Each structure stands twice: as structure tokens, then as C-alpha cells.
Amino acid sequence: MIPIKMTTALESFLTQHDSATWARAFDSLLPAIHEVERNATRIWLRFYPLALADAVAQAEDVRKLETTLRLDGNYRLVDQIDTSHWFFYGHRFWPHVKTAIIARATSNTAAADLTGAIRDIAKEAAAAGRTDESLAMGIAAVGVMTLRQVGLLRFSTAPGAQPSPAGLLRKQPDTILAARKRDDGQGLMGWMRGPENAQYSVTFDETRSDGRFTAIKQTPLTNGSARDTRDYSSGPRRCHEGAVPVECRTASCGTCWVGVLAGAEKLSDVEGQEAKLLKDCGYLTSTEPKPVIRLACKAMTSGNVTIVIPTWNGFLAKGGLRGL
Ligand code: FES
């Protein structure tokens, strides 16, 4: 029986930790997370920041907060409990993760430490899913953070959409990694175009065989997205030029931010206005030249890359959120 009004010992424990502690816990788990999941785990924490969830939960006027932070799109994890991690290999283990977390929470036993709690969930989910713990660790971290942000009642009563392995997600982790590393051959047409006009695939949805567009070498990813004439306008964001939402194209609005699942090393360095805007938006605080979060209107590629597109954009840091 799931307690409706009671806060469980696990929930109380999870709320004791601030954003920085959660980020350190995620970082410390990275070596134990399979490579196929590692960047996805880092990206997810940027897509669903705890500071934003707490600010919304504490806001007297959510609409006013949304205006202050210039939030656009669906930023609410509570609406995406079973789907926010669709781009994880471990998405297929979500039912096991969810079951393990609910069992742990309702048993009302306290956790000793954050990473220990996540490891325990990963171990149980991996056993139930008959897989290696390293493949369940990232999705377990996501699950525990999701419980922290939405609470047990919402977590346990979310519809529980089942994973639908399709496309690349049917493949083994090593096959996925090999596919991500490969660059498109240029062929005879490439020879005629010349090396300066080489073309590369930008995959934005590994679950679809057609979830990609073509980018020309050393031009912004948004240029490639704009050349994709398929209709993306039914989505929740401003997708009027291909799959990547875009507005200013000059690193001023933050609309085009993306996570880089693979190929970050093939993208141009973050510098200048891109670095400043990533910080102002609160998307990224590191000074890495090749981070896993980029602005697609500034990132230029020299090979195939795999990205994931968030469901919202906004100015969190400039808007005043703490602890990003
Ligand atoms: S489109 Fe505005 S920052 Fe990239």
C-alpha cells in the first residue's frame, strides 16, 4: 500500500541534498555507468535541474516565475515521469527501476548515502532485467532524482508507459557505440563536392531510422536542421526549421540548446557568446571546450554527431535561480 499523505523515509532523505550534492553524486557514479549511458546521464541532469523544480514547487505564482525565467516549452518533469529518459539505452529497464524505487520507498527504510541508494536500485533493476548493473545505473540515478522532484504519489501513479525499443535501441550497447563513432563516407559525390563541403549525419533520435539530418562540415548544426524540410511544427516548441527549435541563430535566445550524446569532440570549441549564453541560461556551468551541452546555432561539426533535443528553454541563471 503506497502512503498517500505521508512522506517516506527515502523521500525525506532525498530532500536533504541540494543541487550541488546531487551533481557530485551523479559525477561520482559516472565511472560505474556504461559508456552508452554516460553522456545521457550527464545531459538528463541539465535538462531537469533540481533548482528549477524546487523554484516551481515553492513559487506562489508559477506563471510569474515562467515569465521571469522566460521559460518556453514543457520543463515540468512531473509531466514526463515515464518518458523524460526516452533517449537512454536503459529506458527499457524503466519498469524495473520504477518497481525497485517504489518498493524501497514504501518499505520506509532510510538510505545511508545518495550514491549507495542509487547503486542499490540499479542492482535490483539489473537483476530483474537480467542485465549488467552498469546498464541500469544511469536510469536508476534518473529514477531516484525523479522521485526527489515529483514525490512518491505522482511517481507511483504515473501512467507507466512501457519502453518501446525501436531502431537503434534494439541493438546491443557496443553496436550503438560503434555506430555513434562512425563518420559518413563521402563517396563520389563527396569527391565532387570537395573536402571543405563534406556532409555528416546529425542523429537527433536514435529510436527512429530517419531521426537524422545532414550537416555540412564547419557550418552550424542549425543550418543542417533548417535544410531538413520535414514538418516538425506539431511539437511543443518552435520547430519551424527542422527538428532543432531555433529563433535568433546568433547565440542570444538560448532556444537551440541540445545535449550531445556522442561526437562532442567533433564539434567546434565553445567560446565567446556561446559560452556566455550557456552560463546565462544556466544550461552549463563548466568551462570545458567540448561539453555535452551546446547551442546548435554555434556548434559546427567535422563528423557525425548524436544529439538530443530538450523540451524547453529559458534563462535560469540570469533569472535568478540559485544552485544551478
Ligand atoms: S537560436 Fe538563439 S541561441 Fe541559438
Side-chain angles (χ1 to χ4, degrees), residues 39 42-49 51-52 66-75 87 200-205 211-321 324:
N39 283 348
R42 298 169 72 200
I43 290 165
W44 187 91
L45 196 59
R46 305 311 306 182
F47 280 9
Y48 299 97
L52 176 58
E66 289 175 344
T67 302
T68 302
L69 301 180
R70 287 184 263 173
L71 291 170
D72 182 54
N74 186 5
Y75 61 87
F87 53 94
Y200 298 108
S201 290
V202 178
T203 300
F204 59 87
D205 185 345
R212 60 184 60 203
F213 58 81
T214 300
I216 297 173
K217 183 179 179 182
Q218 299 303 345
T219 62
L221 299 183
T222 46
N223 288 21
S225 174
R227 293 167 66 229
D228 177 357
T229 56
R230 292 173 290 182
D231 184 9
Y232 295 93
S233 61
S234 61
R237 298 182 64 209
R238 289 185 285 255
C239 292
H240 50 77
E241 279 187 3
V244 179
V246 66
E247 280 292 312
C248 70
R249 301 170 194 79
T250 57
S252 303
C253 69
T255 304
C256 67
W257 71 307
V258 295
V260 186
L261 285 172
E265 73 285 357
K266 301 174 193 172
L267 295 173
S268 52
D269 285 0
V270 169
E271 52 192 20
Q273 182 60 22
E274 182 184 5
K276 181 178 180 309
L277 190 63
L278 286 171
K279 198 173 165 196
D280 284 350
C281 288
Y283 299 153
L284 194 67
T285 49
S286 84
T287 54
E288 296 170 65
K290 311 275 191 192
V292 295
I293 299 291
R294 296 299 304 260
L295 296 179
C297 69
K298 284 291 171 183
M300 297 185 281
T301 193
S302 57
N304 286 16
V305 292
T306 306
I307 63 172
V308 56
I309 301 167
T311 53
W312 62 277
N313 58 273
F315 278 79
L316 307 192
K318 213 171 183 180
L321 287 192
L324 286 167

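Whatever order the structure lists ligands and atoms in, that order sets their numbers, starting from 1. If you're wondering where the values come from, they're calculated on a predicted model, not measured in any experiment.
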>> Heavy atoms only, cut-off 4.0 Å: how does Ser252 contact ligand 1, side chain, backbone, both, or neither?
In response: backbone

> Any salt bridge between Glu288 and Arg42, counting N to O under 4.0 Å?
Replying inline: yes

> Can you tell me if an N/O/S atom from Cys248 lies under 2.8 Å from atom 4 (Fe) of ligand 1?
Replying inline: no

> Side chain or backbone of Leu277 under 4.0 Å from ligand 1, or both, or neither, by non-hydrogen atoms?
Replying inline: side chain

>> Please check this pair: side chain of Tyr283 against backbone of Gly314, looking for a donor-acceptor N/O pair closer than 3.5 Å.
In response: yes

> Which atoms of ligand 1 are found less than 4.0 Å from any heavy atom of Cys253?
Replying inline: 1 (S), 2 (Fe), 3 (S)

> Under 6.0 Å from the NZ atom of Lys279, do we count more than 12 heavy atoms belonging to anything else shown?
Replying inline: no

>> Can you give me the closest heavy-atom contact between Leu261 and Asn39, atom names plus distance?
In response: O-ND2, 3.1 Å

> Who's the nearest protein heavy-atom neighbour of atom 3 (S) of ligand 1, and how far?
Replying inline: Gly254 N, 3.2 Å

>> Would you say atom 4 (Fe) of ligand 1 has Cys297 as a near neighbour, meaning an N/O/S atom of that residue under 2.8 Å away?
In response: yes

> What protein heavy atom sits nearest atom 1 (S) of ligand 1, and how far away is it?
Replying inline: Arg249 N, 3.2 Å

> Do the side chain of Asn304 and the main chain of Ser201 share a donor and acceptor less than 3.5 angstrom apart?
Replying inline: yes

>> Using ring centroids (six-membered ring only for Trp), state whether Tyr48 and Trp312 fall under 6.0 Å.
In response: no

> Considering all heavy atoms of both residues, which atom of Val244 and which atom of Ala296 are nearest to each other, and what is their separation?
Replying inline: CG1-CB, 3.9 Å

> Which pair of non-hydrogen atoms, one from Arg294 and one from Leu267, has the smallest distance, and what is that distance?
Replying inline: NH1-CB, 3.6 Å

> Atoms of ligand 1 less than 4.0 Å from Ala251 heavy atoms?
Replying inline: 3 (S)

> Of all the atoms in ligand 1, which lie at a distance below 4.0 Å from a heavy atom belonging to Cys256?
Replying inline: 1 (S), 3 (S), 4 (Fe)

> With atoms numbered from 1 as shown, which atoms in ligand 1 lie under 4.0 angstrom from a non-hydrogen atom of Val246?
Replying inline: 1 (S)

> What atoms of ligand 1 come within less than 4.0 Å of a heavy atom belonging to Glu247?
Replying inline: 1 (S)

